[in-house]
Amino acid sequence: MKAKIQNLLAQSIERLVALEELSADAIPKTVPVEASRRSGQGDYATGVAMSMARASGMKPRELADRIQANLPPVDFLERTEIAGPGFINFFLAKQALTGLVGEVLECADKFGRATPGSASRILVEFVSANPNGPLHVGHGRGAAFGDALARLLRAAGHHVDTEYYVNDLGRQMDILCVSVWIRYLQLHDLKVKLPDGAYQGEYIIESARKLEHEESASLVCADTAQIDIQLDEKDATLTELIRRTKKILGEDRFLQLRDDVLADMVEMIRSDLAHFGVQHDRWFFESQVSKLGDVDRAIKALRERGFLYEADGATWFRSSEFGDEKDRVVVRANGDLTYFASDIAYHLDKMRRDYDIVINVWGADHHGYIARMKAAMAASGENPERLEILVVQLATLIRDSVKISMSTRSGEFVSLKELIDETGRDAARFFYILRKSEQHLDFDLELAKRQTGDNPVYYVQYAHARICSVARQVRERGLKRTSADHSLLKQDSELDLLRRLSRFPDVIQSAANDYEPHQIAYYLRDVATDFHSFYNKERILDCEDALRCARLDLIDSVRQVLANGLDIIGVSAPTSM
RNA sequence: GCGCCCGUAGCUCAGCUGGAUAGAGUACCAGACUACGAAUCUGGGAGUCGGGGGUUCGAAUCCCUCCGGGCGCGCCA
């Protein structure tokens, strides 16, 4: 609808230019049209006459008058008016609103979705937590946001794939393996202590049990004196322990350990996500990039382009030339590649697949990496604009007004699974989505669990269930439904509801353009409000036949919009509660 | 110290590329079912949009500055 009105305005302005009332350079790039906030100011409004006034040399109201006079006549508008300092307000014709009912029912689950016209191919990478334990409440936000974003972009007509990047190499992987191995040895009654800095969580013991199941005793080392070490420094202890573990087990058995542990961790994460209703289309492993030699190639290409130099024994990337604060190391003095190096290779891989836009959803604690990653893309000859890095602020949990902090290493965190089990999947997802991503999120457990009106999830779901309940009444009472005359819908509460429904396609477009799933959540609450208000004001089943049929169609279309919207944010639409 | 995010009603937050009288929810107060689900609805009070400058017809929105909170600033992952 917004686009239709923009189109009318553009036509009018062109005509004014043709009539030489306006000069061509006064034409705005885009015509701003917005849904009016207040009734009495029409359904849509534009301030275009005011913004063009300067360039055109006309007074705003005078220009508005000329634009209004040259609007092509259309049947979906009842009238237009000029108001205030120079706004043009558009009033929709009633039949344009009542006609919407038929449209919604016909389109059904397609209503609101864009027809693929300017569709882009988009890759959304999200969560991508390191495979060293269960997902916690912080990851949950990225999961809810990323999944809703992908669904939203699909609804807006784009082709979207989702991906999880698994960092399955490096030191943290080694520490994890050693942690599980020591727990495994303890299961064999060997006296070994798990050192500080190793993963302490209960799930490590679980993983050790599975390792025992997979490998039985083949990884046992009886000489515990070699392993039970404690150096002055935590990191030094771990480094030495890793070195000895690799030596004791030998390359093959260590790889076996690694594969078992990795598979277990990935499976744990995958099942946590599945439990949350999130499935990635693809799981991409760092070891793949490394094995194929992509990292070496990426580094070599940067070197050939002259963006690398040696200093202090390490190899540096000149990211400061591309706006980063300083240069970054890609190869350490000891010859090891940094994580940044393999991340470059991975992102180049994504950029060179068949996508128009590559989106990363990152936690706020990674925002410092945005500049260097974009720099690396630019230096490698890719357009950094195609890499969209969205930052989701951190989430903390509040229970009994107390903040619960999260740390994977210490094992003292609230897992995503616990959260879901406690609040339910729908409430958890809705709460995560309800804040825009740049806003810090304090997740109030008590509120999310409450099954009352102050919990917005239930408010929206209740509207859906209520409509389904009315439909059941129709069947139980054996009421006939015939094709309805929707022009019978003329009460304010009915027209308000229709106005709200008519905005759904615009809301999807807007939310998708801005990468803001929360707009959908807020919109759904508004739909529910309008519905509940209508429901309390008007009777549905006790009307005479024609009106009853019209109203039943109306609430069916409301139900459809609620269901479509809830689907976008990944929340269920219950038929009863 | 530098960078990013945030600061809007008692509390939790919306406010779309600057637009007309700043909006919801919650809490509080007062009402509404012998009638389709009261997990609902109706009404009420409540804000110098963190402070101060600037840009302009017009600023919660853009720019500068200060204050306050979060996060990040490794040859860690």
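Every chain is numbered from 1, with letters handed out A, B, ... down the list of sequences.
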Pull out every protein N or O sitting under 3.5 Å from an N or O of nucleotides 57-59 of chain B, one pair per line with the distance.
unit_1: C57(B); atom_1: OP1; unit_2: R54(A); atom_2: NH2; d: 2.2
unit_1: C57(B); atom_1: OP2; unit_2: R54(A); atom_2: NH2; d: 3.4

Please classify the nucleic acid contact of R525(A) as base, sugar-phosphate, or nothing, using heavy-atom distances under 4.0 Å.
sugar-phosphate

By nearest-heavy-atom nucleotide on RNA chain B, the more 5' of H532(A) and S36(A) is S36(A)

With sugar-phosphate meaning primed atoms plus P, OP1 and OP2, does R539(A) contact a base, only sugar-phosphate, or nothing at under 4.0 Å between heavy atoms?
base

Just call it for D312(A): base, sugar-phosphate, or nothing, with non-hydrogen atoms closer than 4.0 Å on any strand.
base

Is H366(A) touching bases, backbone alone, or none of the nucleic acid, heavy atoms closer than 4.0 Å?
base

If you check every side-chain atom of R472(A), which of A77(B), C41(B), G37(B) has the closest atom?
G37(B)

Scan every strand shown for a Watson-Crick or G-U wobble partner of A46(B), both distances under 3.5 Å, and answer none if you come up empty.
none

Partner of G31(B) by Watson-Crick or G-U wobble geometry, both contacts under 3.5 Å, or none?
C41(B)

Indicate whether Y462(A) forms a stack on G37(B); treat it as stacked only if centroid distance is below 5.5 angstrom and interplanar angle below 30 degrees.
no

Using a heavy-atom cut-off of under 4.0 Å over every strand shown, decide if E34(A) touches base, sugar-phosphate, or nothing.
base

Residue pairs fulfilling salt bridge (Lys or Arg N to Asp or Glu O under 4.0 Å) with at least one residue in residues 511-532 of chain A, sequence neighbours excluded:
R500(A)-D526(A), R500(A)-D530(A)

Report yes or no: is the cationic atom of R79(A) (NZ for Lys, CZ for Arg) under 6.0 Å from the centre of the six-membered ring of F91(A), at an angle within 45° of the ring normal?
yes

Suppose we define a pair by two distances each less than 3.5 Å, Watson-Crick or G-U wobble; what does G7(B) pair with here?
C67(B)

Under 4.0 Å between any heavy atoms, over every strand shown, what does Q41(A) touch: base, sugar-phosphate, or nothing? Just pick one.
base

Under a 3.5 Å cut-off for both contacts, is A60(B) paired Watson-Crick or G-U wobble with anything, and if yes, with which nucleotide?
none

Which one is paired to A14(B), where only Watson-Crick or G-U wobble pairs with both distances under 3.5 angstrom count?
none

Would you mind classifying the nucleic acid contact of D324(A) as base, sugar-phosphate or nothing, using non-hydrogen atoms under 4.0 angstrom?
nothing

Which part of the nucleic acid, if any, lies within contact of S533(A), taking any heavy atom under 4.0 Å across all strands shown: a base, the sugar-phosphate backbone alone, or nothing?
sugar-phosphate

With a 4.0 Å cut-off on heavy atoms, is A53(A) in touch with a base, just the backbone sugar-phosphate, or nothing at all?
nothing

Categorize A371(A) for me: base, sugar-phosphate, or nothing, with a 4.0 angstrom heavy-atom threshold over every strand shown.
nothing

Just call it for I540(A): base, sugar-phosphate, or nothing, with non-hydrogen atoms closer than 4.0 Å on any strand.
base

Which part of the nucleic acid, if any, lies within contact of E538(A), taking any heavy atom under 4.0 Å across all strands shown: a base, the sugar-phosphate backbone alone, or nothing?
base

Return whichever of N89(A) or N167(A) has its heavy-atom-nearest nucleotide of RNA chain B closer to the 5' end.
N89(A)

Taking only the side-chain heavy atoms of A45(A) (C-beta and beyond), determine which of C71(B), A20(B), C75(B) contains the nearest atom.
A20(B)

Could you tell me whether T315(A) contacts a base, only the sugar-phosphate backbone, or nothing, with contacts defined as non-hydrogen atoms closer than 4.0 Å?
nothing

Regarding the side chain of Y459(A), the nearest nucleotide among C36(B), U40(B), C16(B) is U40(B)

Go ahead and name the base partner of G74(B); Watson-Crick or wobble counts if both distances stay under 3.5 Å, otherwise write none.
none

What is the distance from NZ of K537(A) to C1' of U42(B), rounded to the nearest Å?
9 Å

What does A311(A) touch in the nucleic acid at a heavy-atom separation under 4.0 angstrom: a base, only the sugar-phosphate, or nothing?
base

Would you indicate which nucleotide in G3(B), C16(B), G37(B) comes nearest to any side-chain atom of A465(A)?
G37(B)

Under-3.5 Å N/O pairs linking protein and nucleotides 9-13 of chain B:
unit_1: U12(B); atom_1: O2'; unit_2: R435(A); atom_2: NH2; d: 2.4
unit_1: C13(B); atom_1: O5'; unit_2: R435(A); atom_2: NE; d: 3.0
unit_1: C13(B); atom_1: O5'; unit_2: R435(A); atom_2: NH2; d: 3.4
unit_1: C13(B); atom_1: O2'; unit_2: Y522(A); atom_2: OH; d: 2.5

